[in-house]
Amino acid sequence: MRTRLAIRIDAILEPWFPERRVFLRSDNDTRFIRLRPMTQLLGFAGSASVVAWAIVATAILLMDSIGAGNFREQAKRDQRSYETRLNQLAEERDSRAAEAVAAQARFNLALEQISDMQSKLLASEISRTELETGIEVIQSNLRDAMQQRDQARGRLAVLQQITDPSNPAANAQGHDETLDFMVSALADTATERDQILADAQQVLRDAEDLQFQIKLMEDQNDQIFRQLEDAMTISVEPLDKMFRAAGLSTKSLIDQVRANHAGQGGPLMPMSFSTKGEEPSADELRANRILRQLDQLNLYRIAASKAPFAKPVKNSVRFTSGFGYRRDPKTGGRRLHKGADFAGPTGTPIYSTADGVIIHAGWSSGYGRLIKIQHAFGIETRYAHLSKIRVKVGQRVSRGDRIGDMGNTGRSTGTHLHYEVRVGGKPQNPMTYIKAANDVF
C-alpha cells in the first residue's frame with residue numbers, strides 16, 4: 001500500500017518523469033508493468049551513476065597510460081644521460097691514467113737528472129779543491145822566485161860597490177881578480193833575473209787562467225745548484241700535497257720512515273766541513289741543503305710506496321657508491337657507508353693498493369669473502385664481497401699484487417667490490433687516497 005509520502009513524491013516528479021506502462025503481451029493474455037515517477041528516477045540515477053563511473057574510469061586509465069609513457073620517456077632520457085656521463089667518466093679516467101704514467105715518467109727522469117747532477121757536483125767540488133791546491137803551489141813558487149830576485153839584486157848592489165870609482169882602496173886590491181868574478185856574477189845575475197821575470201809572468205798568467213777557471217766552475221756549480229733546487233721543489237711539493245690531501249701528517253710519516261731507515265752512507269751523506277776550524281763556504285752550505293732535500297724526497301718516496309695510493313681495480317668498472325651516510329632500506333634510518341663500491345663483472349681481478357701483511361682472509365658477516373691488509377703508519381685496507389680469495393693470513397704482499405676476484409658474497413645486491421681504508425681503526429674516504437695519487441702519479 002502506497003504511503004502518502006510516496007504519493008506526494010510521485011506527484012512532484014510527474015512533470016519530469018510521467019507515469020509509464022510497459023505492456024507484455026502473450027498469446028492468451030496481455031499484462032503491463034507500471035513505472036511510477038520514483039521508479040523512473042531511481043533507474044535514471046542508477047544509469048547516470050554507471051555512465052559517470054565509466055567516464056571517470058576511462059579518464060583514469062587514459063591519464064595513467066599517458067603518465068606511464070612520460071615516465072618511460074623520462075627513464076630513457078635518464079638512462080641516456082647516465083650512459084653519457086659514464087662514458088665521460090671513463091674517458092676522464094683513461095686521461096688521468098695516462099697523466100699518471102707521464103707524471104711517473106717525469107718523476108723518474110727527475111730522479112735520474114738529480115743523480116747525474118749530484119755526481120757532477122761532487123766531481124766539480126773535487127776539481128775545485130785541486131785547482132785551489134794548484135793555486136797555492138803557484139803562489140808558493142812565486143814567493144820563492146821573488147825572494148831569489150831580491151837576493152840577486154842584493155848581490156848586484158855589492159858588486160856595484162866593489163867597482164865604485166870613489167873607493168880607491170878597494171880598486172887597488174885585487175883589481176884583476178875581482179874583475180873576472182864581477183863579469184861572471186853580473187852575467188849570472190842577469191840570466192837569473194831574466195828567468196825570474198819570465199817565471200813570474202808565467203805564474204801570473206797561470207794564476208789568471210786558474211782564476212778564470214774557478215769563476216767558470218763557480219758559475220757551473222751555481223747553475224747545477226739552481227737546477228737541483230728547482231728539481232727538489234717540483235718533486236717534493238706534489239708529494240707533500242698528496243699526503244696532506246689524504247689527511248695524513250707529513251711530519252709524522254717522515255719521522256716514522258726516518259726511524260725505520262736510520263742507516264747512513266752513500267751519495268746522500270752530508271758533505272763534511274773543514275777540520276781547520278774554518279767556516280763552511282756558501283757552496284758547501286748549499287750542497288748540504290740540497291742533500292737534505294734529496295734525503296727528504298727519498299723519505300717521501302718510501303712513505304708513498306707504503307701508503308695505499310692506488311686503485312684496487314685496474315679494469316674498466318663503474319663507481320656505484322661513495323663514502324658517507326645513506327638511508328638503510330631495512331631500518332629506514334641512516335648508516336655510515338664506510339668505503340667505496342666499484343661494480344664490474346664477476347671474477348674481475350682485485351689488487352693490493354700498498355705493501356702490507358694479510359691479517360684476515362676468509363668469510364665475515366655482511367662482508368662475505370673479505371681480505372684485510374695491514375700497512376705501515378697504522379693504515380688498514382679491506383676488500384669485501386669477493387668471489388675468490390688468492391692470499392693467506394700472514395702473507396706479505398706488494399702494491400699491485402693480485403689478491404682476489406670480484407664477487408657478490410655477503411650482504412650485496414650485485415657483483416661489486418667494497419673497498420675500505422682505515423687509519424687507526426677509523427674509516428676514511430678511499431677516494432681521497434685515489435684522487436690524491438691521481439694528482440701525482
Side-chain angles (χ1 to χ4, degrees), residues 97 100-101 104 107-108 239 242-243 246-248 253-254 256-257 259-261 298-317 319 323 338-364 366-410 412 415-438 440-441:
V101 173
Q104 183 66 33
F107 180 74
N108 295 332
L239 292 174
M242 179 181 70
F243 285 115
L248 299 175
L253 293 179
I254 295 303
Q256 293 184 47
V257 174
N260 295 328
H261 298 76
N298 188 48
L299 295 176
Y300 271 114
R301 180 186 60 82
I302 295 173
S305 67
K306 294 180 177 296
F309 291 111
K311 290 185 65 175
V313 185
K314 298 180 181 178
N315 294 20
S316 297
V317 294
F319 178 72
F323 178 87
K338 300 179 181 179
D341 293 342
F342 302 90
T346 301
T348 300
I350 306 301
Y351 302 93
S352 172
T353 55
D355 301 349
V357 179
I358 305 297
I359 60 175
H360 179 89
W363 189 270
S364 178
Y367 285 107
R369 290 189 177 91
L370 173 68
I371 296 176
K372 297 181 184 179
I373 303 180
Q374 185 65 49
H375 308 283
F377 317 123
I379 301 176
E380 175 188 314
T381 55
R382 296 187 178 187
Y383 312 79
H385 308 307
L386 303 178
S387 62
K388 185 175 182 180
I389 296 176
R390 298 179 178 269
V391 291
K392 299 182 297 183
V393 174
Q395 179 179 343
R396 299 193 66 86
V397 293
S398 300
R399 173 181 292 171
D401 288 350
R402 184 174 181 177
I403 58 176
D405 299 341
M406 187 180 295
N408 188 25
T409 58
S412 172
T415 303
H416 73 287
L417 168 70
H418 175 79
Y419 174 60
E420 291 185 14
V421 176
R422 300 194 176 201
V423 179
K426 296 182 179 180
Q428 306 291 325
N429 188 354
M431 296 308 298
T432 302
Y433 289 80
I434 294 175
K435 291 179 180 178
N438 289 336
V440 178
F441 296 117

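FYI, the numbering just counts along the sequence from 1. Keep in mind that the numbers below use all heavy atoms, side chains included, and drop hydrogens, waters and symmetry copies.
In this structure, the side chains of Tyr367 and His360 stay at 4.5 Å or more apart for every pair of heavy atoms. Taking 4.5 Å as the limit, every side-chain heavy atom of Asn408 sits out of range of all side-chain heavy atoms of Thr346. Annotation: side chain of Tyr383 is in contact with side chain of Ile373 (closest heavy-atom distance under 4.5 Å). Between Ile359 and Glu380 there is a side-chain heavy-atom pair separated by less than 4.5 Å. Looking at heavy atoms from C-beta onward, Asn315 lies out of side-chain contact with Met406 at the 4.5 angstrom threshold. No side-chain heavy atom of Ile403 sits less than 4.5 Å from a side-chain heavy atom of Ile389.
Shown here for Arg402 and Gly347, the closest heavy-atom pair between the two residues is NH2-O, 3.7 Å. For the pair Ile379 and Ala307, the tightest heavy-atom approach, listed with the atom from each and the gap, is CD1-CB, 4.4 Å. Of all heavy-atom pairs between Thr409 and Arg369, the closest is OG1-N, 3.1 Å. Closest non-hydrogen pair, Ser398 versus Asp355, comes out as CA-OD1, 3.2 Å. Nearest approach of Val397 to Ser352, heavy atoms of both residues: CG2-OG, 3.8 Å.
With sequence neighbours left out, the side chain to side chain donor-acceptor pair (under 3.5 Å) criterion links Asn429 to no other residue. Every residue two or more places apart in sequence or in another chain was checked for a side chain to side chain donor-acceptor pair (under 3.5 Å) with Asp401, and none qualifies. With sequence neighbours excluded, the residues forming a ring-ring contact (aromatic ring centres under 6.0 Å, His included) with Phe342 are Phe319, listed by chain and number.
Once rounded to the nearest 0.5 Å, the distance linking CD1 of Ile371 with OG1 of Thr381 reads 9.5 Å. Here the straight-line distance linking atom CD of Gln374 with atom CZ of Arg396 works out to 11.0 Å at 0.5 Å rounding.
Residues Tyr419 and Thr353 have side chains that bring a donor and an acceptor to within less than 3.5 angstrom of each other.
Proximity of a side-chain donor or acceptor of Asp405 to a complementary backbone N or O of Pro349 within less than 3.5 Å is not detected.
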Stepwise, does the side-chain contact (heavy atoms from CB on, under 4.5 Å) test hold for Phe309 with Arg399? CA-CA 9 Å; Phe309 291 111; Arg399 173 181 292 171; 4.2 Å; yes

